[in-house]
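Structure, as C-alpha coordinates:
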Amino acid sequence: MQTINLPLDGRIGPYTLTGTPIELKKRDAKDFPRVVYAAAHVVADPLADNDPWLTPAIDWERTLAFRHRLWDLGLGVAEAMDTAQRGMGLGWPEARDLIRRALAEARTRKDALIACGAGTDHLAPGPDVTIDTIIRAYEEQIEAVEAEGGRIILMASRALAAAARGPDDYIRVYDRILRQVKEPVVIHWLGEMFDPALEGYWGNPDHIKAMSTCLQVIEANAAKIDGIKVSLLSKEKEIAMRRQLPKGVRMYTGDDFNYAELIAGDEQGHSDALLGIFDAIAPAASAAMEALGRKSNREFFDLLDPTVPLSRHIFKAPTRFYKTGVVFLAYLNGLQDHFTMIGGQQSTRSLTHLAELFRLADKARVLADPDMAVNHMKRVLAVHGVY
(Lines give C-alpha, C1' and ligand atoms only; values in the text may rest on other atoms or scores of the structure.)
Protein backbone atom coordinates (compact mmCIF):
# COMPACT_ATOMS: atom_id res chain seq x y z
CA MET A 1 0.00 0.00 0.00
CA GLN A 2 1.20 3.49 -0.90
CA THR A 3 1.51 6.12 1.84
CA ILE A 4 1.75 9.85 1.25
CA ASN A 5 1.98 12.83 3.58
CA LEU A 6 -1.00 15.14 3.07
CA PRO A 7 -2.23 18.34 4.73
CA LEU A 8 -5.19 18.03 7.10
CA ASP A 9 -6.42 20.51 9.71
CA GLY A 10 -3.32 22.67 9.37
CA ARG A 11 -0.86 19.80 9.73
CA ILE A 12 0.90 17.30 7.53
CA GLY A 13 0.21 13.66 8.23
CA PRO A 14 0.46 10.25 6.56
CA TYR A 15 -2.35 8.83 4.47
CA THR A 16 -2.27 5.20 3.30
CA LEU A 17 -4.25 4.40 0.16
CA THR A 18 -6.72 1.53 0.42
CA GLY A 19 -8.85 1.72 -2.74
CA THR A 20 -8.80 -0.96 -5.42
CA PRO A 21 -9.21 0.85 -8.76
CA ILE A 22 -12.39 0.16 -10.72
CA GLU A 23 -11.60 -1.74 -13.88
CA LEU A 24 -11.49 0.35 -17.04
CA LYS A 25 -13.68 -1.58 -19.48
CA LYS A 26 -15.15 -0.64 -22.84
CA ARG A 27 -18.94 -0.59 -22.85
CA ASP A 28 -21.79 0.24 -25.18
CA ALA A 29 -24.46 2.82 -24.39
CA LYS A 30 -27.14 0.44 -25.64
CA ASP A 31 -26.49 -1.68 -22.54
CA PHE A 32 -27.42 1.22 -20.26
CA PRO A 33 -31.04 1.67 -19.12
CA ARG A 34 -30.58 5.45 -18.96
CA VAL A 35 -29.33 8.09 -21.38
CA VAL A 36 -26.05 9.24 -19.86
CA TYR A 37 -23.98 12.28 -20.77
CA ALA A 38 -20.75 13.37 -19.12
CA ALA A 39 -20.10 17.09 -19.38
CA ALA A 40 -16.48 17.08 -20.51
CA HIS A 41 -13.61 19.37 -19.50
CA VAL A 42 -10.97 20.89 -21.77
CA VAL A 43 -7.23 20.31 -21.41
CA ALA A 44 -5.12 23.45 -21.38
CA ASP A 45 -1.82 23.78 -23.19
CA PRO A 46 0.67 24.64 -20.40
CA LEU A 47 3.49 25.45 -22.82
CA ALA A 48 1.64 28.10 -24.82
CA ASP A 49 2.98 31.64 -24.69
CA ASN A 50 -0.29 33.37 -23.90
CA ASP A 51 -1.99 35.49 -21.28
CA PRO A 52 -3.94 32.81 -19.37
CA TRP A 53 -6.59 35.23 -18.07
CA LEU A 54 -7.36 36.60 -21.53
CA THR A 55 -6.48 34.06 -24.19
CA PRO A 56 -7.28 30.36 -23.71
CA ALA A 57 -4.69 27.91 -24.98
CA ILE A 58 -6.10 24.41 -25.52
CA ASP A 59 -4.31 21.11 -26.02
CA TRP A 60 -6.61 19.83 -28.72
CA GLU A 61 -5.07 16.36 -28.95
CA ARG A 62 -5.58 15.60 -25.24
CA THR A 63 -8.97 17.31 -25.17
CA LEU A 64 -10.35 15.21 -28.01
CA ALA A 65 -8.70 12.01 -26.75
CA PHE A 66 -10.65 12.47 -23.54
CA ARG A 67 -13.91 12.52 -25.52
CA HIS A 68 -12.99 9.20 -27.12
CA ARG A 69 -12.35 7.77 -23.64
CA LEU A 70 -15.88 8.73 -22.59
CA TRP A 71 -17.35 7.20 -25.73
CA ASP A 72 -15.31 4.03 -25.18
CA LEU A 73 -16.96 3.73 -21.76
CA GLY A 74 -20.43 4.07 -23.30
CA LEU A 75 -20.99 7.61 -22.04
CA GLY A 76 -22.25 10.48 -24.15
CA VAL A 77 -20.42 13.79 -24.34
CA ALA A 78 -22.12 17.04 -23.36
CA GLU A 79 -19.83 19.41 -25.21
CA ALA A 80 -18.86 23.01 -24.48
CA MET A 81 -20.84 23.19 -21.25
CA ASP A 82 -19.94 24.85 -17.96
CA THR A 83 -17.63 21.90 -17.14
CA ALA A 84 -15.56 22.99 -20.14
CA GLN A 85 -15.26 26.37 -18.35
CA ARG A 86 -17.81 27.99 -20.60
CA GLY A 87 -18.11 31.51 -19.27
CA MET A 88 -15.10 30.97 -16.97
CA GLY A 89 -12.21 31.02 -19.42
CA LEU A 90 -13.74 29.45 -22.52
CA GLY A 91 -15.37 32.06 -24.76
CA TRP A 92 -17.71 31.46 -27.66
CA PRO A 93 -14.96 31.53 -30.35
CA GLU A 94 -13.10 28.71 -28.55
CA ALA A 95 -16.34 26.88 -27.75
CA ARG A 96 -17.37 26.98 -31.40
CA ASP A 97 -13.99 25.53 -32.40
CA LEU A 98 -14.33 22.86 -29.69
CA ILE A 99 -17.80 21.93 -30.94
CA ARG A 100 -16.59 21.70 -34.54
CA ARG A 101 -13.65 19.49 -33.61
CA ALA A 102 -15.65 17.25 -31.26
CA LEU A 103 -18.42 16.69 -33.79
CA ALA A 104 -15.83 15.79 -36.42
CA GLU A 105 -14.39 13.19 -34.02
CA ALA A 106 -17.86 11.85 -33.26
CA ARG A 107 -18.46 11.26 -36.97
CA THR A 108 -15.50 8.85 -37.03
CA ARG A 109 -17.42 6.48 -34.72
CA LYS A 110 -20.71 4.62 -34.89
CA ASP A 111 -21.36 4.83 -31.15
CA ALA A 112 -20.73 8.49 -30.31
CA LEU A 113 -23.53 10.25 -28.45
CA ILE A 114 -22.92 14.00 -28.33
CA ALA A 115 -24.88 17.19 -27.76
CA CYS A 116 -23.47 20.70 -27.69
CA GLY A 117 -24.09 23.80 -25.63
CA ALA A 118 -25.59 26.81 -27.39
CA GLY A 119 -26.22 29.99 -25.45
CA THR A 120 -25.62 33.73 -25.54
CA ASP A 121 -22.21 34.01 -23.88
CA HIS A 122 -20.79 36.08 -26.73
CA LEU A 123 -23.30 38.77 -25.70
CA ALA A 124 -22.19 40.87 -22.76
CA PRO A 125 -25.08 41.79 -20.44
CA GLY A 126 -25.80 45.50 -20.36
CA PRO A 127 -28.53 48.13 -20.39
CA ASP A 128 -28.62 48.19 -24.18
CA VAL A 129 -29.31 44.42 -24.44
CA THR A 130 -32.91 43.77 -25.39
CA ILE A 131 -34.94 40.60 -25.56
CA ASP A 132 -34.68 40.69 -29.35
CA THR A 133 -30.90 40.99 -29.05
CA ILE A 134 -30.85 37.91 -26.85
CA ILE A 135 -33.00 35.96 -29.31
CA ARG A 136 -30.60 36.83 -32.12
CA ALA A 137 -27.63 35.74 -29.97
CA TYR A 138 -29.23 32.36 -29.30
CA GLU A 139 -30.02 32.00 -33.00
CA GLU A 140 -26.40 32.70 -33.94
CA GLN A 141 -25.00 29.95 -31.73
CA ILE A 142 -27.73 27.46 -32.61
CA GLU A 143 -27.12 28.04 -36.30
CA ALA A 144 -23.39 27.41 -35.80
CA VAL A 145 -23.99 24.11 -33.97
CA GLU A 146 -26.66 22.88 -36.37
CA ALA A 147 -24.48 23.76 -39.36
CA GLU A 148 -21.99 21.20 -38.04
CA GLY A 149 -24.74 18.59 -37.60
CA GLY A 150 -24.85 18.94 -33.83
CA ARG A 151 -27.76 18.58 -31.42
CA ILE A 152 -28.43 21.40 -29.02
CA ILE A 153 -28.21 21.76 -25.27
CA LEU A 154 -29.92 25.10 -24.76
CA MET A 155 -27.83 26.81 -22.11
CA ALA A 156 -29.10 29.36 -19.63
CA SER A 157 -28.35 32.97 -20.56
CA ARG A 158 -26.69 35.50 -18.26
CA ALA A 159 -27.86 38.23 -20.61
CA LEU A 160 -31.47 37.06 -20.31
CA ALA A 161 -31.22 36.87 -16.53
CA ALA A 162 -30.05 40.49 -16.52
CA ALA A 163 -32.50 41.84 -19.10
CA ALA A 164 -35.73 39.98 -18.32
CA ARG A 165 -38.41 41.89 -16.45
CA GLY A 166 -40.39 38.81 -15.50
CA PRO A 167 -41.51 35.31 -16.56
CA ASP A 168 -43.10 36.55 -19.79
CA ASP A 169 -39.72 37.55 -21.21
CA TYR A 170 -38.40 34.00 -20.63
CA ILE A 171 -41.49 32.52 -22.26
CA ARG A 172 -41.05 34.80 -25.25
CA VAL A 173 -37.39 33.90 -25.75
CA TYR A 174 -37.75 30.14 -25.30
CA ASP A 175 -40.94 29.89 -27.39
CA ARG A 176 -39.24 31.74 -30.24
CA ILE A 177 -36.06 29.65 -30.10
CA LEU A 178 -37.74 26.28 -29.66
CA ARG A 179 -39.96 26.83 -32.70
CA GLN A 180 -36.83 27.10 -34.85
CA VAL A 181 -34.58 24.24 -33.75
CA LYS A 182 -34.13 21.34 -36.17
CA GLU A 183 -34.06 18.57 -33.54
CA PRO A 184 -35.38 18.29 -29.97
CA VAL A 185 -33.10 20.02 -27.50
CA VAL A 186 -32.09 19.61 -23.89
CA ILE A 187 -32.91 22.72 -21.87
CA HIS A 188 -30.37 23.45 -19.16
CA TRP A 189 -31.59 25.17 -16.00
CA LEU A 190 -28.35 26.05 -14.26
CA GLY A 191 -28.86 27.25 -10.71
CA GLU A 192 -27.26 30.28 -9.12
CA MET A 193 -25.01 28.06 -7.00
CA PHE A 194 -23.22 27.17 -10.25
CA ASP A 195 -23.38 30.70 -11.66
CA PRO A 196 -24.43 33.62 -9.44
CA ALA A 197 -25.32 35.66 -12.55
CA LEU A 198 -28.26 33.28 -13.15
CA GLU A 199 -30.07 34.00 -9.90
CA GLY A 200 -33.79 34.50 -10.47
CA TYR A 201 -33.81 32.53 -13.72
CA TRP A 202 -37.25 31.96 -15.25
CA GLY A 203 -38.26 35.29 -13.71
CA ASN A 204 -38.41 34.37 -10.04
CA PRO A 205 -35.86 33.77 -7.25
CA ASP A 206 -38.22 31.16 -5.78
CA HIS A 207 -37.31 27.89 -7.49
CA ILE A 208 -40.82 26.45 -7.20
CA LYS A 209 -42.38 29.50 -8.86
CA ALA A 210 -39.62 29.53 -11.45
CA MET A 211 -40.32 25.84 -12.09
CA SER A 212 -43.91 26.71 -12.96
CA THR A 213 -42.73 29.04 -15.74
CA CYS A 214 -40.23 26.49 -17.02
CA LEU A 215 -42.92 23.80 -17.11
CA GLN A 216 -45.19 26.16 -19.02
CA VAL A 217 -42.49 26.53 -21.68
CA ILE A 218 -41.97 22.77 -21.82
CA GLU A 219 -45.71 22.01 -22.09
CA ALA A 220 -46.08 24.44 -24.97
CA ASN A 221 -43.05 23.07 -26.86
CA ALA A 222 -42.85 19.41 -25.80
CA ALA A 223 -42.29 18.15 -29.36
CA LYS A 224 -39.11 20.25 -29.60
CA ILE A 225 -37.70 19.16 -26.21
CA ASP A 226 -35.81 15.94 -25.57
CA GLY A 227 -35.45 16.78 -21.89
CA ILE A 228 -34.43 19.24 -19.26
CA LYS A 229 -31.25 19.18 -17.19
CA VAL A 230 -31.88 20.63 -13.75
CA SER A 231 -28.84 21.77 -11.76
CA LEU A 232 -30.26 23.00 -8.46
CA LEU A 233 -28.54 20.49 -6.12
CA SER A 234 -31.93 19.57 -4.65
CA LYS A 235 -33.29 16.08 -5.17
CA GLU A 236 -36.71 17.17 -3.84
CA LYS A 237 -37.06 19.90 -6.46
CA GLU A 238 -35.83 17.65 -9.24
CA ILE A 239 -38.25 14.88 -8.33
CA ALA A 240 -41.13 17.36 -8.02
CA MET A 241 -40.41 18.68 -11.50
CA ARG A 242 -39.78 15.23 -12.95
CA ARG A 243 -43.27 14.14 -11.94
CA GLN A 244 -44.81 17.08 -13.79
CA LEU A 245 -43.01 16.71 -17.12
CA PRO A 246 -45.06 15.88 -20.22
CA LYS A 247 -44.83 12.32 -21.44
CA GLY A 248 -41.72 11.79 -23.54
CA VAL A 249 -39.72 14.65 -22.01
CA ARG A 250 -36.76 13.36 -20.03
CA MET A 251 -35.41 14.66 -16.75
CA TYR A 252 -31.62 14.78 -16.96
CA THR A 253 -30.23 15.03 -13.47
CA GLY A 254 -27.67 17.73 -12.97
CA ASP A 255 -27.59 17.09 -9.22
CA ASP A 256 -23.98 16.32 -8.40
CA PHE A 257 -24.98 15.73 -4.76
CA ASN A 258 -27.71 13.10 -5.20
CA TYR A 259 -27.27 11.55 -8.64
CA ALA A 260 -27.17 7.90 -7.58
CA GLU A 261 -30.67 7.77 -6.08
CA LEU A 262 -32.12 10.06 -8.76
CA ILE A 263 -30.83 7.85 -11.58
CA ALA A 264 -32.04 4.70 -9.83
CA GLY A 265 -35.44 6.36 -9.48
CA ASP A 266 -38.58 5.26 -7.69
CA GLU A 267 -41.95 3.73 -8.53
CA GLN A 268 -42.99 6.99 -10.21
CA GLY A 269 -39.99 7.47 -12.47
CA HIS A 270 -36.28 8.09 -12.78
CA SER A 271 -33.81 10.64 -14.08
CA ASP A 272 -31.40 10.22 -16.95
CA ALA A 273 -28.03 11.91 -16.47
CA LEU A 274 -26.07 14.89 -17.72
CA LEU A 275 -23.40 15.41 -15.10
CA GLY A 276 -20.06 17.14 -14.70
CA ILE A 277 -19.00 14.62 -12.07
CA PHE A 278 -19.24 11.82 -14.66
CA ASP A 279 -16.22 13.40 -16.37
CA ALA A 280 -14.23 12.75 -13.19
CA ILE A 281 -15.63 9.32 -12.28
CA ALA A 282 -16.31 7.97 -15.77
CA PRO A 283 -15.21 4.34 -15.14
CA ALA A 284 -17.40 4.10 -12.03
CA ALA A 285 -20.35 5.70 -13.82
CA SER A 286 -19.98 3.33 -16.77
CA ALA A 287 -19.75 0.22 -14.59
CA ALA A 288 -22.71 1.36 -12.49
CA MET A 289 -24.89 1.94 -15.55
CA GLU A 290 -24.04 -1.48 -16.91
CA ALA A 291 -24.97 -3.00 -13.53
CA LEU A 292 -28.27 -1.14 -13.54
CA GLY A 293 -28.92 -2.51 -17.02
CA ARG A 294 -28.54 -6.01 -15.55
CA LYS A 295 -31.01 -5.00 -12.83
CA SER A 296 -28.27 -5.35 -10.23
CA ASN A 297 -29.29 -2.36 -8.14
CA ARG A 298 -27.06 -3.40 -5.27
CA GLU A 299 -23.98 -3.35 -7.50
CA PHE A 300 -25.11 -0.02 -8.97
CA PHE A 301 -25.16 1.58 -5.53
CA ASP A 302 -21.98 -0.21 -4.41
CA LEU A 303 -20.19 1.47 -7.31
CA LEU A 304 -21.77 4.92 -7.18
CA ASP A 305 -22.46 5.53 -3.49
CA PRO A 306 -18.73 5.89 -2.57
CA THR A 307 -18.36 8.52 -5.29
CA VAL A 308 -21.01 10.79 -3.79
CA PRO A 309 -18.84 12.18 -0.93
CA LEU A 310 -16.15 12.88 -3.53
CA SER A 311 -18.65 14.68 -5.76
CA ARG A 312 -20.06 16.70 -2.88
CA HIS A 313 -16.53 17.79 -2.02
CA ILE A 314 -15.67 18.74 -5.61
CA PHE A 315 -18.94 20.69 -5.94
CA LYS A 316 -18.89 22.31 -2.49
CA ALA A 317 -19.46 26.06 -2.30
CA PRO A 318 -18.39 28.13 -4.11
CA THR A 319 -19.78 25.52 -6.51
CA ARG A 320 -18.71 27.38 -9.64
CA PHE A 321 -15.11 26.37 -8.88
CA TYR A 322 -15.87 22.65 -9.21
CA LYS A 323 -14.06 22.52 -12.56
CA THR A 324 -10.75 22.68 -10.67
CA GLY A 325 -11.51 19.39 -8.92
CA VAL A 326 -12.58 17.73 -12.15
CA VAL A 327 -9.33 18.70 -13.89
CA PHE A 328 -7.24 17.80 -10.85
CA LEU A 329 -8.65 14.27 -10.88
CA ALA A 330 -7.87 14.02 -14.60
CA TYR A 331 -4.29 14.96 -13.75
CA LEU A 332 -4.07 12.42 -10.93
CA ASN A 333 -5.25 9.75 -13.38
CA GLY A 334 -2.75 10.65 -16.08
CA LEU A 335 -5.35 11.89 -18.55
CA GLN A 336 -3.26 15.04 -18.81
CA ASP A 337 0.36 15.46 -17.79
CA HIS A 338 -0.06 18.74 -15.92
CA PHE A 339 -2.41 20.54 -13.56
CA THR A 340 -2.96 23.72 -15.54
CA MET A 341 -6.33 25.15 -16.55
CA ILE A 342 -7.43 27.84 -18.96
CA GLY A 343 -7.95 31.11 -17.17
CA GLY A 344 -5.56 30.01 -14.43
CA GLN A 345 -8.51 28.32 -12.73
CA GLN A 346 -6.28 25.73 -11.04
CA SER A 347 -5.80 28.37 -8.35
CA THR A 348 -9.46 28.46 -7.24
CA ARG A 349 -9.18 25.61 -4.70
CA SER A 350 -6.83 25.31 -1.74
CA LEU A 351 -4.13 22.69 -1.27
CA THR A 352 -6.11 21.29 1.66
CA HIS A 353 -9.16 20.95 -0.60
CA LEU A 354 -7.10 19.05 -3.18
CA ALA A 355 -5.63 16.77 -0.50
CA GLU A 356 -9.11 15.83 0.72
CA LEU A 357 -10.16 15.24 -2.89
CA PHE A 358 -7.23 12.81 -3.20
CA ARG A 359 -8.35 10.87 -0.11
CA LEU A 360 -11.99 10.72 -1.24
CA ALA A 361 -10.99 9.66 -4.76
CA ASP A 362 -9.01 6.77 -3.27
CA LYS A 363 -11.98 5.70 -1.14
CA ALA A 364 -14.25 5.94 -4.20
CA ARG A 365 -11.83 3.69 -6.15
CA VAL A 366 -11.45 6.21 -8.98
CA LEU A 367 -7.67 6.57 -8.86
CA ALA A 368 -6.82 4.46 -11.89
CA ASP A 369 -3.17 3.95 -10.96
CA PRO A 370 -2.45 4.65 -7.26
CA ASP A 371 1.33 4.85 -7.80
CA MET A 372 0.91 7.47 -10.52
CA ALA A 373 -1.67 9.35 -8.46
CA VAL A 374 0.72 9.55 -5.51
CA ASN A 375 3.52 10.75 -7.78
CA HIS A 376 1.31 13.47 -9.26
CA MET A 377 0.02 14.52 -5.85
CA LYS A 378 3.59 14.87 -4.60
CA ARG A 379 4.38 17.16 -7.53
CA VAL A 380 1.48 19.45 -6.62
CA LEU A 381 2.58 19.47 -2.97
CA ALA A 382 6.11 20.36 -4.04
CA VAL A 383 4.89 23.32 -6.11
CA HIS A 384 3.38 24.67 -2.89
CA GLY A 385 6.59 23.97 -0.95
CA VAL A 386 4.99 21.13 1.04
CA TYR A 387 6.89 17.86 1.36
Side-chain angles (χ1 to χ4, degrees), residues 29-30 35-43 56 58 60-87 89-123 134-157 173-174 176-190 218 221-229 231 249-250 252 254 272-276 278-279 282:
K30 72 176 186 299
V35 179
V36 183
Y37 288 95
H41 75 282
V42 295
V43 181
I58 298 172
W60 290 113
E61 183 178 355
R62 285 293 183 95
T63 294
L64 296 172
F66 187 77
R67 274 87 183 133
H68 281 284
R69 179 178 186 266
L70 294 174
W71 287 324
D72 285 345
L73 291 166
L75 305 179
V77 170
E79 190 56 273
M81 301 293 291
D82 51 292
T83 305
Q85 296 181 242
R86 191 83 176 264
L90 189 79
W92 170 237
E94 296 81 26
R96 182 173 52 202
D97 196 11
L98 173 62
I99 289 167
R100 179 184 62 80
R101 291 169 183 263
L103 288 171
E105 293 297 314
R107 287 193 290 271
T108 68
R109 306 175 60 119
K110 296 179 180 179
D111 59 347
L113 176 64
I114 184 171
C116 305
T120 68
D121 49 317
H122 62 298
L123 179 65
I134 292 165
I135 290 171
R136 288 194 294 273
Y138 265 126
E139 289 172 339
E140 179 182 337
Q141 292 201 13
I142 289 168
E143 181 180 7
V145 175
E146 290 184 337
E148 297 291 339
R151 297 189 65 175
I152 302 294
I153 300 172
L154 199 60
M155 302 179 72
S157 166
V173 169
Y174 278 85
R176 173 75 172 271
I177 295 303
L178 290 168
R179 285 200 301 268
Q180 301 178 57
V181 293
K182 293 180 179 179
E183 294 185 76
V185 308
V186 177
I187 294 175
H188 187 190
W189 180 2
L190 189 67
I218 294 171
N221 301 278
K224 289 296 187 79
I225 299 171
D226 168 50
I228 178 163
K229 167 181 160 68
S231 299
V249 176
R250 300 177 185 274
Y252 287 94
D272 293 280
L274 200 166
L275 290 160
F278 278 11
D279 171 301

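For clarity, every value in this text was computed on a predicted model and none was experimentally measured.
- Using modelled atom types, one side-chain atom of Glu146 and one backbone atom of Lys182 make a donor-acceptor pair closer than 3.5 Å.
- With contacts defined as side-chain heavy-atom distances shorter than 4.5 Å, the pair Arg136/Leu123 does not qualify.
- Between the side chain of Gln180 and the backbone N or O of Arg176, at least one donor-acceptor pair lies under 3.5 Å.
- Atom SG of Cys116 and atom CE of Met155 lie 11.0 Å apart (nearest 0.5 Å).
- To the nearest 0.5 angstrom, His41 atom NE2 is 5.5 Å from Asp279 atom CG.
- Here the closest heavy-atom approach between residue Leu75 and residue Ala282 is recorded as CD1-CB, 3.8 Å.
- Taking CG of Leu70 as the start and OH of Tyr37 as the end, the distance is 13.0 Å to the nearest 0.5 Å.
- The shortest heavy-atom contact between Lys229 and Leu274 is NZ-O, 2.6 Å.
- The backbone N or O of Arg179 sits less than 3.5 Å from a side-chain atom of Lys224, completing a donor-acceptor pair.
- No donor-acceptor pair under 3.5 Å is formed between the side chain of Arg151 and the backbone N or O of Ile114.
- Side-chain N or O atoms of Trp71 include one that pairs as donor or acceptor with a backbone N or O of Leu113 at under 3.5 Å.
- Scanning both residues, Ile153 and His188, for their nearest heavy atoms gives CG2-CB, 4.2 Å.
- Within the 3.5 Å criterion, the main-chain N or O of Leu178 finds no donor-acceptor partner in the side chain of Asn221.
- For the side-chain contact (heavy atoms from CB on, under 4.5 Å) test with Ile152, the passing option among Ile142, Val186, Ile177 is Ile142; the others fail.
- A side-chain donor-acceptor contact under 3.5 Å links Arg86 to the backbone of Gly117.
- In terms of modelled atom types and a separation under 3.5 Å, the side chain of Thr83 and the main chain of Ala40 share no donor-acceptor contact.
- Here the CG atom belonging to Leu190 is positioned 5.0 Å from the CG atom belonging to Asp82, to the nearest 0.5 angstrom.
- The two residues Ala144 and Trp92 have their closest heavy-atom pair at CB-CZ2, 3.7 Å.
- Taking each heavy atom of Thr120 and Ser157 in turn, the nearest pair found is OG1-OG, 2.6 Å.
- Ion pairing of Arg100 with Asp97 is present here, as a side-chain N (NZ or NE/NH1/NH2) and a carboxylate O approach within less than 4.0 Å.
- With rounding to the nearest 0.5 angstrom, the CG atom of Asp72 is 8.0 Å from the NE2 atom of His68.
- The side-chain heavy atoms of Ile58 and Leu98, taken from C-beta on, include no pair separated by under 4.5 Å.
- Ion pairing of Arg67 with Glu79 is present here, as a side-chain N (NZ or NE/NH1/NH2) and a carboxylate O approach within less than 4.0 Å.
- Contact between Gly91 and Glu94 at its shortest, heavy atoms only, is N-OE1, 3.0 Å.
- With values rounded to the nearest 0.5 angstrom, Arg101 atom CZ is found 12.5 Å from Leu103 atom CG.
- For Glu143 (side chain) and Glu140 (main-chain N/O), no donor-acceptor pair under 3.5 Å exists by modelled atom type.
- Using a 4.5 Å heavy-atom cutoff, the side chains of Tyr138 and Leu154 are in contact.
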